[in-house]
Number of protein chains: 2
Amino acid sequence: MQQLDGRRARGDESRRAVLARAVDIASVNGLEGLTIGRLAAEVSASKSGVAALFGTKEQLQLAAVETARGIFTASVIDPARIQPRGLRRVCALLRSWIDYSAGRVFEGGCFFFAVSAEFDSRPGVVHDAILRAVDERDAFLVSSIGHAVDQGELVGITDTPQLAFELTALIEASNSYSLLRRSAEPYEFARRGIVSRLQAYGADTTVLAKTGFMDPLPG
Amino acid sequence: MQQLDGRRARGDESRRAVLARAVDIASVNGLEGLTIGRLAAEVSASKSGVAALFGTKEQLQLAAVETARGIFTASVIDPARIQPRGLRRVCALLRSWIDYSAGRVFEGGCFFFAVSAEFDSRPGVVHDAILRAVDERDAFLVSSIGHAVDQGELVGITDTPQLAFELTALIEASNSYSLLRRSAEPYEFARRGIVSRLQAYGADTTVLAKTGFMDPLPG
DNA sequence: CCTACCGATCGGTAGG
DNA sequence: CCTACCGATCGGTAGG
């Protein structure tokens, strides 16, 4: 029993180590550019060893998406969830999202930006898994804004999904431009755009300032 | 001489036909997913025939970027350029840009969105060529906004690149979401966001209406 | 422009 | 988990 547990624990640990490298490779080279042979070499394992851990390349891709989802949740969603519902949570979410992109939690910037662009016009289970993860993220932003509206911290909003779309667009564009131009300046554009949008709906400047949105970002 | 011209014309025509297919494949599968063998099969040529036309895969990728740049210019920039400088040109540009994405001028949506995401964190001449094309596009938007400001058609703008960034972000996000969700609704989000931004700077509603920005997009 | 070929790498499997 | 192997495809070239 202890032997079995030991073996299972070793197997899980192998998977974890392989997937930790896999999501970084995929964020740079895409989920198609993530090859079993290269992945194996980088974690000093045999190709068939890695292949056996996942079965098929598609299952490796799905496991990578799931791993990335967990990392995104831990880096972006969880820091927002510990804030009280309302404007503070919205600001915390947007701030941790920018920091996650700017801090290169994944080597190639936001994992979901990279693989969404890669699979956006292809059918299949990998596309579907990416879409589910993105939908979950977007739903959290929409509901967070909804709480702020309910509490009267944002006024005059007639279309919450519209605002969520605009805020998401600013962050994704800053991720893309920062990577392409190797510059941190685009995050400053995103920050200013976010402040404009939120102030247009009467957001309390004190709350924005507390989340660091009123001052230029470092770097 | 007529024979030589005939041969040269045939060679140019071959290149054109191959590149026309290449940019569509790349918009869906990326410039790495664009393989010489598949491309040859799709245009009913031999692999070595296609290879000989370009020399190396990297040169094929560069030729594809250049071809896509020409198609983008013809589809998006030229229709704006025939409008007089000022707000009308800005609106025409944003409108033809959305139509180009929504109309799937490239099979996989905006070519430059797809390949920017693919090469954003990789070094090399292909990255550099993509960046130059994107920079040229962005510079045209910035200067178009600048004319509208100079003519007093947009007032209170303190940071033109900031506005250009926000408008670009809206269009690129609508391209991405439309492809990923197989829906035209994201373009409606982009349209509303653009109208909000321009109206905040006092844009004449009549001009916005003439460009079709005041009514929901068809489809 | 073609056929025919090169070595390398792809995803995947047999057998242990 | 490994070695050893499969057929297919990759980018590229020789020779015509």
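All figures in this text were calculated on a predicted structure; none of them were measured in a lab. Note on naming: letters A, B, ... go to the chains in the order of the sequence lines (proteins, then strands), and numbering restarts at 1 for each one.
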Round to the nearest Å and state the distance from [X] atom [atom1] to [N] atom [atom2].
{"X": "A/Phe54", "N": "C/dC10", "atom1": "CZ", "atom2": "C1'", "result": "18 Å"}
{"X": "A/Asp12", "N": "D/dC1", "atom1": "CG", "atom2": "C1'", "result": "15 Å"}
{"X": "A/Asn29", "N": "C/dT9", "atom1": "CG", "atom2": "P", "result": "15 Å"}
{"X": "B/Glu32", "N": "C/dC10", "atom1": "CD", "atom2": "P", "result": "13 Å"}
{"X": "B/Leu31", "N": "D/dG11", "atom1": "CG", "atom2": "C1'", "result": "16 Å"}
{"X": "B/Glu58", "N": "D/dC10", "atom1": "CD", "atom2": "P", "result": "19 Å"}
{"X": "B/Arg38", "N": "D/dC10", "atom1": "CZ", "atom2": "P", "result": "10 Å"}
{"X": "A/Leu34", "N": "C/dT9", "atom1": "CG", "atom2": "P", "result": "17 Å"}

Select one nucleotide: of C/dG12, D/dG12, D/dT3, the one nearest the side-chain heavy atoms of A/Ile36.
C/dG12

Closest to the B/Ser14 side chain: C/dC2, C/dT13, C/dC1?
C/dC1

Spell out, as yes or no, whether a donor-acceptor pair under 3.5 Å connects the side chain of [X] to the backbone of [Y].
{"X": "B/Ser27", "Y": "B/Gly108", "answer": "yes"}
{"X": "A/Glu118", "Y": "A/Leu31", "answer": "yes"}
{"X": "A/Arg21", "Y": "A/Val43", "answer": "no"}

Closest-nucleotide 5' rank along DNA chain C - winner of A/Lys57 and B/Gly49
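Whichever sits nearer the 5' end wins; that is B/Gly49.
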
Sequence neighbours left out, cut at 3.5 Å: what donor-acceptor pairs do the side chains of residues 68-82 of chain A make with other protein atoms?
| unit_1 | atom_1 | unit_2 | atom_2 | d |
| --- | --- | --- | --- | --- |
| A/Arg69 | NE | A/Glu66 | OE2 | 2.8 |
| A/Arg69 | NH1 | A/Glu136 | OE1 | 3.2 |
| A/Arg69 | NH2 | A/Glu66 | OE2 | 2.7 |
| A/Thr73 | OG1 | A/Arg69 | O | 2.9 |
| A/Ser75 | OG | A/Ile71 | O | 2.8 |

Under 3.5 Å, side-chain donor or acceptor atoms of residues 125-134 of chain A against the rest of the protein: list the pairs with distances, not counting sequence neighbours.
| unit_1 | atom_1 | unit_2 | atom_2 | d |
| --- | --- | --- | --- | --- |
| A/His127 | NE2 | B/Leu180 | O | 2.9 |
| A/His127 | NE2 | B/Arg182 | NH1 | 3.0 |

Establish, yes or no, whether the cationic atom of A/Arg122 lies under 6.0 Å from the six-membered ring centre of A/Phe119 and within 45° of the ring axis.
yes

How does DNA chain D read in dot-bracket, base by base from 5' to 3', with Watson-Crick or G-U pairs under 3.5 Å and | used when the partner is on another strand?
||||||||||||||||

Do the two ring centres, one from A/Tyr100 and one from A/Tyr187, sit under 6.0 Å apart?
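Ring centres of A/Tyr187 and A/Tyr100 not closer than 6.0 Å.
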
Reckon B/Thr35 has a side-chain N or O less than 4.0 Å from the OP1 or OP2 of D/dC10?
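So the side-chain polar atoms of B/Thr35 do come within 4.0 Å of the phosphate oxygens OP1 or OP2 of D/dC10, strictly under.
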
Base C/dT3 to side chain B/Ser46, donor-acceptor N/O within 3.5 Å cut-off:
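No such pair is found, so the answer is no.
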
Do A/Lys47 and C/dG11 have a side chain to base donor-acceptor pair shorter than 3.5 Å?
yes

